[in-house]
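To start, the structure under review is shown below, and the notes come after it.
In what follows, chains carry the letters A, B, and so on, assigned in the order in which the sequence lines appear, proteins first and then strands, with residues in each chain numbered from 1.
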Protein chains: 2
Amino acid sequence: MAQPTVEDVAREANVSRQTVSNVINTPSIVKPATLDRVQLAIARLGYRPNLSARRLRQQKSSTIGVRLDPIRNGISGAMLDHFVHALTEQADARSMRVLLFTAASPEDEIEQIRSLHEGADVDAFVLTATAHGDRRIAWLIENDVPFVTFGRPWGIDDMDDPKHLWVDIDGRQGIKDATVRLIDNGAKRVGWVGWPRPSGTGDDRRRGWEEAMRERLGASEAELAALSVESYDGVSEATETVADMLRSGELPDALVCASDSLALGALIAASSAGLTDLPIIGFDNTPVAEAVGLSSIDQVLNRVAVATFELLLGREGNSIVVRGPDAGESHRLIRPALVLRTPNHLPLYGTTTTQRTAPAVRNHHRKETS
Amino acid sequence: MAQPTVEDVAREANVSRQTVSNVINTPSIVKPATLDRVQLAIARLGYRPNLSARRLRQQKSSTIGVRLDPIRNGISGAMLDHFVHALTEQADARSMRVLLFTAASPEDEIEQIRSLHEGADVDAFVLTATAHGDRRIAWLIENDVPFVTFGRPWGIDDMDDPKHLWVDIDGRQGIKDATVRLIDNGAKRVGWVGWPRPSGTGDDRRRGWEEAMRERLGASEAELAALSVESYDGVSEATETVADMLRSGELPDALVCASDSLALGALIAASSAGLTDLPIIGFDNTPVAEAVGLSSIDQVLNRVAVATFELLLGREGNSIVVRGPDAGESHRLIRPALVLRTPNHLPLYGTTTTQRTAPAVRNHHRKETS
DNA sequence: CCAAATAATTTGATCGATCAAATTCTGAGT
DNA sequence: ACTCAGAATTTGATCGATCAAATTATTTGG
């Protein structure tokens, strides 16, 4: 069962094969009667372009390469799944697609990138988990390969580099918004649970908390120091750190956390200390946050994906090309959204008022019999 | 900067272009001296095959299509991320690759499948979240498109259909293993927390619990009924259901749960009831299970991915083709692995003995400054 | 009506790799 | 030295779509 080609359609519609191509790609230059005739033949034959042929002829693959990070990254790991999904949707809307690859090391990743690029299989890459001095980025820039990173480089010399396109979540603004909300709701001692410094992202988010506390409560440096703790990004680590904080007597009346892992740890520690009504806000809006009723800051990954494509495609918006130094916008900060959940979703606090929700209709490996 | 072609290599090595192709694809038919000369030219020029050209000529894409499910599926959602990663690794090992697509509905999914198949962009599909009477599968079989499902169809008429290839986790065996382990560790009243019946997967897993209880403890039907509860797959739902169970006086001395969501809910209920040492085992080995120290049954998704490719490639193992009715193995059950975690990882229980673990080195959007 | 300009369509060629048949080379046997 | 068979290499062609130039058809203005 071979697929029909442009030649088959041309024969059926009694036109040239190039007219078939014109009907599909530049229909405005085709006479209406001819257009109708060809479209009818396309429908009758069920014709679809062979995409490998198109890619070969057009010298572009319309494909974005994304590495699927193998590291099970605690409860935040699902975020990449969500981001990849958003990218895939946005690619589809632009007649493009996402190709996944894996790599065992940074060197392997560069090799995979080279292979995909030189095999004409990928036009551009979207990178995550970036770092200052990242070798991948140096290679991509040196070899004129289009790319966007999700995340800022945080170095003095590379944040404004127009060759390094990046999209990031404005964590400072998101945490500031959350802190302001808690203060507007009556909190007077909002605590901060963050990662050990220095951390580009972590410190940026902490700045949001500091700004809100200073602007809204006139908090002093000493007060800020007393209300903040640092923990590695694990639930048990955060539980221990926040438990220490709560035992120390410097009781916060709300907590803002740099991640949902920290927030879950804080929730467990607060519950164990009997502080069952302590408002806690995390960051990432992971499935766990949703499952246990944690308020959290959502990364609005769909908007990140849109911005990623807008940067990649540049002003003209129709094709991926290497960006010149003055080719327009290179960086985009996205303001995240605060998702509030009500305390009566928190059975940890001993409440018994839960509504029965709809059954989970799907699990990727579960089936329902009809 | 155009990439070198076979013609360039041929000119450099003073051979024909077909000899260049032979060196790459069937090196055993090339004379050693010629082989060396061509390989040297390939290396000097940095030549790589153009994969669109290869696909067009070979009439195969070497690509597997996978739909990325958009539904945030509670704490189990990260499993698809992990499965896609395993598939991508196995594809890479076979010089194949995984192409993602999204779809807004089952009808849209069939249309995307059709488009990818007819555009010669995907040779075969891997489907998840399957159901008896699934329209996707009917379409794929009718149109002779190769596919494998991760999950059994569970219908009387389709479980053994050789045209419907499937790989699944042996949930019955996994739960049986977990229950046996708890019994061997001294439990006499192992409780079951499962999903409402009927559910193909859920009932299969429950059977494992029943068998272990009967064979090892001689449990009666009445005892089994008294020790089992059903809950929708959500943390708060499970918490409520297990709390009721624990209040009813039929105290289990251990719990086996159909999923990690149910297990987390059970953990919260047990903690609230002061049963801080109640052994609980979940299913899926999600990041949450790991984060809070839950024992869980791991789906060994890498082995699922291997099996998926073995079924797709069939006995010859070199190319994807539609399977004939007697073309060999069509189904594969994979025995999952029990992952035990020690109770001292559970700060929920008020223990204070936690080791400080290594810092979380990566989050997909976090950067480290050097 | 004719000529020029524009619109519409067609023809020639290309993209880069591999299939398949033809040709050349090499070694062994007589 | 010659012949034959098998190995090695080359040549002709193909895959299916689109680029780009050439040709044809149509419209407009004098």
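One atom, CG of A:N14, and another, P of D:dA25, lie 13 Å apart when rounded to the nearest Å. If you take NZ of B:K31 and P of C:dT24, they are 16 Å apart, rounded to a whole angstrom. Distance CG (A:L51) to C1' (C:dG16): 17 Å, rounded to an integer number of Å. Spacing between atom CD of A:E118 and atom P of C:dG16 amounts to 14 Å, rounded to whole angstrom units. The interatomic distance linking B:D121 (CG) with D:dC15 (P) rounds to 19 Å, in whole Å. Across the protein-nucleic acid pair, A:L56 atom CG and C:dG16 atom P stand 7 Å apart, rounded to whole Å. Whole-Å rounding puts the B:Q58 CD to D:dG16 C1' distance at 15 Å. A:R55 has its CZ atom 12 Å from the C1' atom of D:dA17, to the nearest Å.
Of the candidates C:dT10, C:dT9, C:dA17, the closest approach to any side-chain atom of B:A53 belongs to C:dA17. In the set C:dT9, D:dA17, D:dT9, the nucleotide with an atom closest to the side chain of A:N50 is D:dA17. Taking every side-chain heavy atom of B:S21 into account, C:dT18 is the closest of D:dG16, C:dT9, C:dT18. Checked against D:dG16, C:dT18, D:dT18, the side chain of A:T5 finds its nearest nucleotide in D:dG16. When distances run from any side-chain atom of B:R17 to the nucleotides D:dT18, D:dG12, C:dT10, the shortest one goes to D:dG12. If you check D:dT11, C:dG16, C:dT10 against the side chain of A:Q59, the one that comes closest is C:dG16.
Shown here for B:A41 and B:E12, the closest heavy-atom pair between the two residues is CB-CG, 3.4 Å. Across every non-hydrogen atom of A:W166 and A:P153, the tightest pair is CD1-CD, 3.5 Å. Of all non-hydrogen atoms in A:T102 and A:R67, the two that sit nearest each other are CA-CG, 4.5 Å.
No side-chain donor-acceptor contact under 3.5 Å links B:R55 and B:S61.
In terms of phosphate contacts, A:T19 brings a side-chain nitrogen or oxygen within less than 4.0 Å of OP1 or OP2 of C:dT10. Using a 4.0 Å cut-off, some side-chain N or O of A:N25 falls inside it from OP1 or OP2 of D:dT18. Not one side-chain nitrogen or oxygen of A:S16 sits closer than 4.0 Å to the OP1 or OP2 atom of C:dT11. For C:dG16, neither phosphate oxygen OP1 nor OP2 lies less than 4.0 angstrom from any side-chain nitrogen or oxygen of B:Y47.
A donor N or O paired with an acceptor N or O is found under 3.5 Å between the base of C:dC19 and the side-chain atoms of B:Q18. Side-chain N/O atoms of B:R57 and base N/O atoms of D:dG16 include no donor-acceptor pair closer than 3.5 Å.
Ring planes of A:F150 and A:F83: tilted class, angle from 30 to 60°. Ring orientation note: the planes of A:H164 and A:F147 are tilted relative to one another, at an angle of 30° to 60°.
Position along DNA chain D of the nearest nucleotide to A:V6 versus B:I29 favours B:I29 as the more 5'-ward residue.
Among the atoms of the strands shown, none is found under 4.0 Å from any heavy atom of B:V20. Looking at heavy-atom distances under 4.0 Å, B:S52 makes no contact with the nucleic acid at all.
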